[in-house]
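All values below come from the heavy atoms of this structure, side chains included, with hydrogens, waters and symmetry mates left out. The sequence lines fix the lettering, A, B, ..., with proteins before strands; numbering per chain opens at 1.
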Amino acid sequence: MDIKLWTLHLLKVLFPPQVLLPDIVAIDIGLTVATIVIGAYLTKTRKWGWLWHEWLTTVDHKKIGIMYLIAALIMLFRGGVDALMIRSQLIAPNAHFMGAQQYDEVFTTHGTVMIFFMAMPMIFALFNATIPLMIGARDVAFPRLNAISFWLFAFGAILLNISFSIGGSPSAGWMSYPPYSELLYNPGVGENYFLLSLQIAGIGTIATGINFLVTILRMRAPGMSLSKMPIFVWASLITSSLVLFAFPPLTVALGLTMLDRVFGASFFTLGHQGMPMMYVNLFWIFGHPEVYILVMPAFGVFSEVVPTFSRKALFGYEAMVGSLLAISFLSYGTWVHHFFEMGAGPTVNVFFGLSTMLIAIPTGVKMFNWIFTMWGGRIRLTVPMLWQLAFIPTFVVGGATGIMLAAVPGDYQYHNSYFLIAHFHNVILGGTVFGVLSGMYYWWPKMFGWNLNQRQGTWAFALFVGGFWLTFMPQYFLGFEGMTRRMATYPAGLGWTALNVWSTVGAFVMGAGFVVMVYNILWSRMHPDWDTTGDPWDGRTLEWSLPSPAPEYNFARIPVVRSRDEWWSMKQEGRTDEVKTSEATVRPIHMPRNTPMPIMLAAAFFVGAIGLIFGWFWMAILGGVGVVAALAYGSFADYSEIEIDAKKVLKTEAQLGRVES
Amino acid sequence: MDHEDRQPHRIPTGHGDEVELAIFSPKMHQTHFPSLQITGYLLSIILTLLAFGMVAYHWMPMASLIPVILILAFIQAGLQLGIFMHLREGRGTTWQIPVLALAVSIGLGIVGFSIWIMMFKSGVS
Amino acid sequence: MSPKRRIWLSGSLVALFGVLAAGCGSDYVVFHPAGPVAQSELNLIVLSTIIVGVVIVLIWVLWAYVVWRFRDTPDNKAPYWPNWNHHPLLEVFVFVFAIGALVVVAIPTVHKTYVLDRIPARHPLVIDVTSLDYKWLFQYPKQHIATVNYFYMPTNHPVLFELTARSPLSAFWAPNLGGMEYAMPNRVLPLWLEATRTGVFRGRNANFTGIDFWRMTFMVHAVPNPVFSRWVSHVQAKRHPMTRAAWLRLLRPTVTPPLQYSSYPSWTFPQRPTEFTVKGLQYVPTKKP
Amino acid sequence: MSTTTTTTTLPPEFQDNLESIRIMGFWVFLTTDLVLFGSLFAVYVVFRSRVGLGPTPHQLFSMGPVLTETLILLTSSFTCSLSLYSARKNRVKGAISWLVVTLALGMSFVLLEIREFTTDVLNGHTWHQSAFLSGFFTLVGTHGSHVTVGIGWAIMLAIQLGMKGLTLTTRRKLYAFALYWHFLDIVWIFLFTVVYLSGIA
Ligand code: HEA
Ligand code: HEA
Ligand code: CUA
Ligand SMILES: [Cu+2]
């Protein structure tokens with residue numbers, strides 16, 4: 001009865017006790033039902049072909065941007081549910097809402113999902129949706145690689161998200177320090193899921209970094225010299241360069257841990273003179289630039305939103321660019337502030353403490369410049385602008401507490417306490433999340449062709465921001481009361497309860513804000529307010545010179561750029577006809593052809609990763625062969641293109657009313 | 001991806017960086033005999049053997065040995081970059097030069113700072 | 001929501017937390033130092049809070065004023081300068097302002113970091129601390145006694161803790177006495193603290209190590225010197241020595257009540273700060289290349 | 001605004017804007033790979049003295065085979081540059097033959113390295129034994145696997161050159177491959193210096 005034993009064993013590996021908790025089983029059933037319903041719907045309406053040809057194999061940056069956005073919103077929901085579970089557990093002392101093991105899994109997934117699978121794709125959604133339009137290009141430099149990036153991210157996200165129902169979730173925290181994450185202390189497959197999902201998504205992220213760096217450096221429209229680029233493009237360029245050099249150390253840190261766990265090496269182990277601190281070091285060489293990767297695109301968004309809704313030029317363009325460069329440069333040299341407590345000695349700590357503080361200068365320059373941009377303008381309180389307005393007072397608090405953390409002896413008391421938790425939610429939500437949401441509302445009409453309802457958007461905004469303050473301000477004080485992070489629960493009598501109650505209430509208010517936001521999107525989809533002008537906000541940069549959504553090839557005629565806010569100048573100087581095509585100037589356009597190679601490559605990575613996670617080496621090899629096969633196929637297929645002939649271009653443009661008579 | 005772009009000799013107008021960043025304008029070299037390559041090869045062999053000899057036959061006091069062989073390695077890397085990798089070839093602006101410089105400084109920074117940080121302080125009785 | 005209401009709202013929130021914090025009961029461990037290290041850290045915390053408070057208030061006021069003054073209403077009389085985008089003086093002011101604020105925080109930071117690192121010359125009491133899975137082991141190399149999850153220390157006498165771990169990376173934190181330091185495997189790290197008043201203080205592991213991490217606490221009893229000596233002789237006389245079996249029990253991942261041992265084998269703590277490794281139960285020295 | 005001067009000396013892979021952009025993308029990829037190796041070097045140098053109860057670098061390394069490996073790799077770098085040189089002179093045959101020579105040298109390099117590793121492992125020095133050995137095998141092994149990938153790539157490239165001749169695309173691919181191969185040579189120079197030479201010094 002070999003087969004039977006083997007099957008039993010397999011079932012036990014795939015479904016260990018911790019994935020058989022009633023709530024997880026309920027979620028599993030829900031997901032299965034949802035999958036079946038969606039599948040049935042697609043079959044009934046015969047939309048499989050549409051899905052495959054229009055989306056799964058697409059290399060169009062605009063569609064990839066939309067897919068990133070949808071995935072990011074789903075992940076915000078997932079991470080948000082985790083957050084609400086955390087807060088529910090912490091509302092009262094000695095709570096048993098979840099067991100300790102499950103709590104550990106929940107905060108680990110919360111952190112990992114939010115950083116890697118919510119914030120990063122949200123940023124890439126904005127990059128994809130806007131960068132080529134803003135620089136006057138027809139696509140990114142490497143469209144196929146762009147699709148590969150997306151699918152690697154998507155399969156990485158799937159990998160992390162199936163862990164809770166198959167085999168068990170990671171539970172070592174989002175930075176997963178060894179030796180706790182080593183086999184000796186963490187024998188399940190959860191940690192392997194963590195390592196491999198981040199590794200796969202990380203490869204995709206590096207590829208995105210390369211792609212946008214080259215796109216921005218090489219594909220700008222004629223005349224758009226570096227000093228005429230919109231600030232969001234600058235922010236994206238610098239973010240891409242940070243990605244390039246921050247992710248390889250993460251790749252190494254994760255890879256070495258995997259070698260320890262799966263192949264018996266001794267890098268960070270307790271025995272054999274392993275050195276766990278080296279992991280910590282490598283992780284933060286990545287981790288600190290990472291937090292600026294998260295926030296710089298938001299800075300870029302704000303630098304577009306503020307001038308648009310103040311109807312005024314950006315204050316101090318050069319200083320804005322210079323400060324972005326300075327922040328990115330400095331951010332490589334501050335990572336030790338995450339482990340001042342490791343005993344590296346006062347000189348090391350002082351060096352990194354001071355380098356951290358220096359970042360306040362360029363950041364402060366930006367804060368003041370945004371305010372000065374509004375000075376002498378006319379501020380319209382649209383939803384994107386509201387998010388920006390909430391950002392300034394929020395982020396300054398988070399940044400200021402960052403400076404407190406950088407004061408080394410102070411950090412000896414704050415480290416790993418709720419003060420730290422409050423700091424980083426303060427900057428991540430106040431900076432990154434407010435920023436990407438601002439950007440989402442700002443570019444939504446450009447991406448989809450219809451506007452989001454403003455009144456509902458304002459409600460979502462108010463609930464989210466109000467809930468934010470209520471959630472995270474008490475946590476600073478919890479830190480001073482000695483509450484450390486990652487406590488599955490806490491005893492009564494330490495005075496922690498009252499503040500925790502406030503914090504939990506706030507989290508649910510934020511949850512309500514998120515629900516309103518989703519309602520806002522669905523309602524606006526059902527009652528579309530079409531954007532027929534292509535320029536709903538009276539914008540300043542080139543993307544607003546295009547119809548919403550932009551045609552497949554973006555620009556029928558590549559504009560020649562003369563000034564910083566080119567579209568604004570065109571409107572001011574009455575040159576708007578420059579974006580129109582005519583029979584005389586129209587040319588056939590070459591666009592890259594859709595290809596199934598990216599999704600197949602990513603699927604092969606996925607299969608290989610499953611093999612490594614469960615230690616089924618035949619499967620890992622199978623995945624490896626798949627990867628090589630997909631790459632070889634891609635190499636021989638080269639970059640195939642389709643030609644959109646001039647007549648068709650002219651027809652499309654005529655329908656959009658963009659042909660000169 | 002424009003049609004006009006596919007035709008040689010009709011390179012479209014640049015975006016203007018070429019003026020701002022003239023120091024990064026490309027240099028192409030073309031010779032009739034691969035003399036440059038051969039020189040590079042010979043030099044790299046010599047440098048390798050030199051470093052090896054220093055270590056194997058103790059031509060140097062220990063203290064200065066490691067810095068010297070490291071310097072030799074950097075020289076050799078420079079040769080590879082300049083001669084074999086045509087570092088200064090490109091079109092428009094040779095962006096690879098600043099990007100590479102950034103990468104090299106970050107790579108060296110990671111190594112150097114890691115050593116410094118991981119020395120720890122002493123002070124245990 | 002109108003900007004005015006938002007200002008009002010955030011203002012009242014701040015006031016609310018002010019009230020919450022002003023009580024400042026004994027719960028705020030960081031605000032109630034019991035020794036020079038914690039005191040000096042608190043001073044820096046207060047100073048940096050004031051400085052960043054000034055920055056925060058300045059930005060908030062400026063922000064609120066601008067949003068109100070330049071709002072887009074038809075009857076707004078404020079000037080409209082669509083092309084105003086440079087002002088050298090303002091830009092210089094921002095720089096100077098930020099640098100000035102930073103210098104005020106930076107100078108004491110540098111100073112204190114060095115001072116706190118220097119162990120006072122008076123012969124400190126040495127306590128060897130090992131973080132084990134979900135418990136803390138304290139060993140007194142001079143007195144040869146060992147305790148679990150609690151320890152006594154004399155007041156007005158510096159104590160040198162030597163921290164290591166036979167468990168995942170942990171952090172030793174007794175907030176009333178001073179800030180934390182990691183206890184890590186394969187390395188012994190020094191940390192000195194001192195109590196200037198008597199009392200029983202709570203300490204805990206501040207770095208996540210697993211499911212029972214949140215229960216990994218210890219108690220610090222700061223007592224006058226004579227009481228300390230009496231306690232030491234009591235433990236020496238009345239308790240059992242730590243045997244191999246007891247050590248094995250300690251290594252198991254469990255939470256235990258406080259324990260005491262009259263003595264312990266020397267191989268239960270590494271005899272050198274570096275260049276050792278675990279082999280079976282013991283610490284052994286490694287080769288030097 | 002300005003226009004780039006068009007010179008006829010521009011090699012074909014740069015005359016096409018898109019292909020030149022792809023070359024630039026490959027350069028950027030190499031810089032990230034450089035930082036990856038930088039991180040591995042950092043791990044190695046920090047772990048160098050953490051030999052636990054295993055062998056020290058001095059006890060482990062033998063110089064003879066390593067010097068041979070180095071000379072082989074240097075030579076392959078040279079032949080690789082000749083392949084590119086031939087391509088620029090529009091000699092397909094020359095390009096392919098020099099590529100095949102490069103490939104053969106690469107293979108012998110990998111084989112020698114595998115032999116070195118097997119000897120160590122058979123002597124009981126697996127990477128389980130100490131942090132130093134983990135760092136050593138991983139750093140050198142990562143370079144070795146890069147070379148292996150390069151060999152696979154070179155094979156496909158040779159086939160494509162044979163099938164399609166010197167088109168814009170195959171020229172660009174050959175140039176990118178040459179960049180990759182020389183880059184690996186640079187990494188090896190540092191491996192040779194930092195790992196082996198300073199290990200026995
Ligand atoms: C978007 C993400 C983001 C951003 C932008 C920041 C920004 C900053 N962070 Fe934060 N940080 C995180 C995300 C972020 N951080 C995360 C996720 C962690 C914890 C991870 C974990 O452990 O899980 C963390 C942890 C963290 C620590 C480690 C604490 C510890 O573990 O003990 C420190 C210590 O120095 C720190 C400092 C700073 C500083 C000085 C800034 C500065 O950049 C802030 C600069 C901004 C301002 C200062 C405001 C504006 C400036 C002015 C108005 C000018 C004048 C101001 C002054 C002179 C004060 N952060
Ligand atoms: C981008 C990053 C990001 C974001 C946006 C958030 C958002 C939130 N975080 Fe998160 N957090 C992290 C990154 C982030 N966090 C990280 C990195 C950690 C460290 C993890 C670690 O220690 O390893 C952490 C840890 C962390 C902790 C500490 C846990 C611990 O140490 O024990 C807490 C506790 O309060 C918390 C709370 C919250 C809350 C309330 C939100 C809110 O903003 C969430 C907003 C809520 C929603 C968006 C809800 C949406 C969903 C619904 C409305 C669903 C309702 C419907 C049903 C239930 C069916 N977070
Ligand atoms: Cu984040 Cu350093
Ligand atoms: Cu940081």
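At a 4.5 Å heavy-atom cutoff, the contact between A:W496 and chain C is made by side-chain atoms alone. Both the backbone and the side chain of C:I59 come within contact range of chain A, each with at least one heavy atom under 4.5 Å from a heavy atom of that chain. Residue A:F372 touches chain C through both its backbone and its side chain, counting heavy-atom pairs closer than 4.5 Å. Using a 4.5 Å cut-off between heavy atoms, A:F339 contacts chain C through both its backbone and its side chain. Contacts between C:A171 and chain A at a heavy-atom distance below 4.5 Å are absent for every atom of the residue. Heavy atoms of C:L177 lying under 4.5 Å from chain A are absent altogether. Heavy-atom distances place no part of A:T108 under 4.5 Å from chain C, backbone and side chain included. For C:N186, the part lying near chain A is the side chain, with the backbone staying farther off; criterion is any non-hydrogen pair under 4.5 Å. Proximity to chain C (any heavy atom under 4.5 Å) is restricted, for A:S171, to the backbone atoms N, CA, C and O. At a 4.5 Å heavy-atom cutoff, the contact between C:M180 and chain A is made by backbone and side-chain atoms alike. With a threshold of 4.5 angstrom between heavy atoms, C:T49 approaches chain A through its backbone and through its side chain. The contact between C:T113 and chain A is made by backbone and side chain atoms together, counting heavy-atom distances below 4.5 Å. Only the backbone of A:S310 has a heavy atom closer than 4.5 Å to any heavy atom of chain C. Of the atoms belonging to A:F107, it is side-chain heavy atoms, and not backbone ones, that fall under 4.5 Å from chain C. Heavy atoms of A:L354 lying under 4.5 Å from chain C belong exclusively to its side chain. With a 4.5 Å cut-off on non-hydrogen atoms, C:L169 touches chain A through its backbone and its side chain both. Using a 4.5 Å cut-off between heavy atoms, C:P175 touches chain A through backbone and side chain atoms alike. Contact of C:A38 with chain A is made through backbone and side chain together, with heavy-atom distances under 4.5 Å.
Residues C:R69 and C:N76 approach most closely at O-ND2, 2.8 Å, considering heavy atoms. Between C:L189 and A:M342, the shortest heavy-atom contact is CD1-O, 3.2 Å. What you find for C:F213 and C:A206 is that their closest heavy atoms are CE1-C, 4.0 Å. Pairing each heavy atom of C:I45 with each of A:M404, the nearest pair is O-CE, 4.3 Å.
Using cut-offs of 30° and 60° on the angle between ring planes, the pair A:F315 and C:W84 is tilted. Classified by interplanar angle (parallel below 30°, tilted 30° to 60°, perpendicular above 60°), the ring pair C:F31/C:Y28 is parallel. Between C:F70 and A:W375, the ring planes are tilted. Angles from 30° to 60° get that label.
Contact count versus chain C (heavy atoms, under 4.5 Å) is highest, among A:Y490, A:Y412, A:F368, A:F480, for A:F480. The most heavy-atom pairs under 4.5 Å with chain A, out of C:E275, C:R204, C:K112, come from C:R204. Ranked by heavy-atom pairs shorter than 4.5 Å toward chain C, the options A:H272, A:K312, A:E318, A:M367 are led by A:K312. Residue with the most contacts toward chain A among C:L62, C:V105, C:N83, C:T217: C:L62 (heavy-atom pairs, distance under 4.5 Å). Ranked by heavy-atom pairs shorter than 4.5 Å toward chain C, the options A:V397, A:L478, A:T363, A:N349 are led by A:V397. Between chain A and the options C:S48, C:P82, C:G53, C:S40, the largest number of non-hydrogen pairs under 4.5 Å is found for C:P82. For the set A:G99, A:P178, A:S417, A:G495, the entry with the most heavy-atom pairs within less than 4.5 Å of chain C is A:G495. No other option in A:Y177, A:Y476, A:Y414 has as many heavy-atom pairs under 4.5 Å with chain C as A:Y414.
Looking at A:I379 and A:F309, their side chains never come closer than 4.5 Å, going by heavy atoms from C-beta outward.
Put simply, the side chain of C:R187 never gets that close to the backbone of C:M184: no donor and acceptor are under 3.5 Å apart.
Taking the centre and axis of the six-membered ring of A:Y317, the NZ or CZ atom of A:R564 falls inside the cone set by 45° and 6.0 Å. Annotation: cation-pi geometry not satisfied between C:R252 and C:Y134 (NZ/CZ under 6.0 angstrom from ring centroid, within 45° of ring axis).
If you check the side chains of A:H415 and C:Y182, you find a donor sitting under 3.5 Å from an acceptor.
Ring-centre distance between C:F218 and C:W173: not below the 6.0 Å cut-off.
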Under 3.5 Å, sequence neighbours excluded: what are the donor-acceptor pairs made by side chains of residues 94-104 of chain C?
none

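Legend: residues meeting salt bridge (Lys or Arg N to Asp or Glu O under 4.0 Å) with C:R215, ordered by chain and number and at least two apart, are C:D212.
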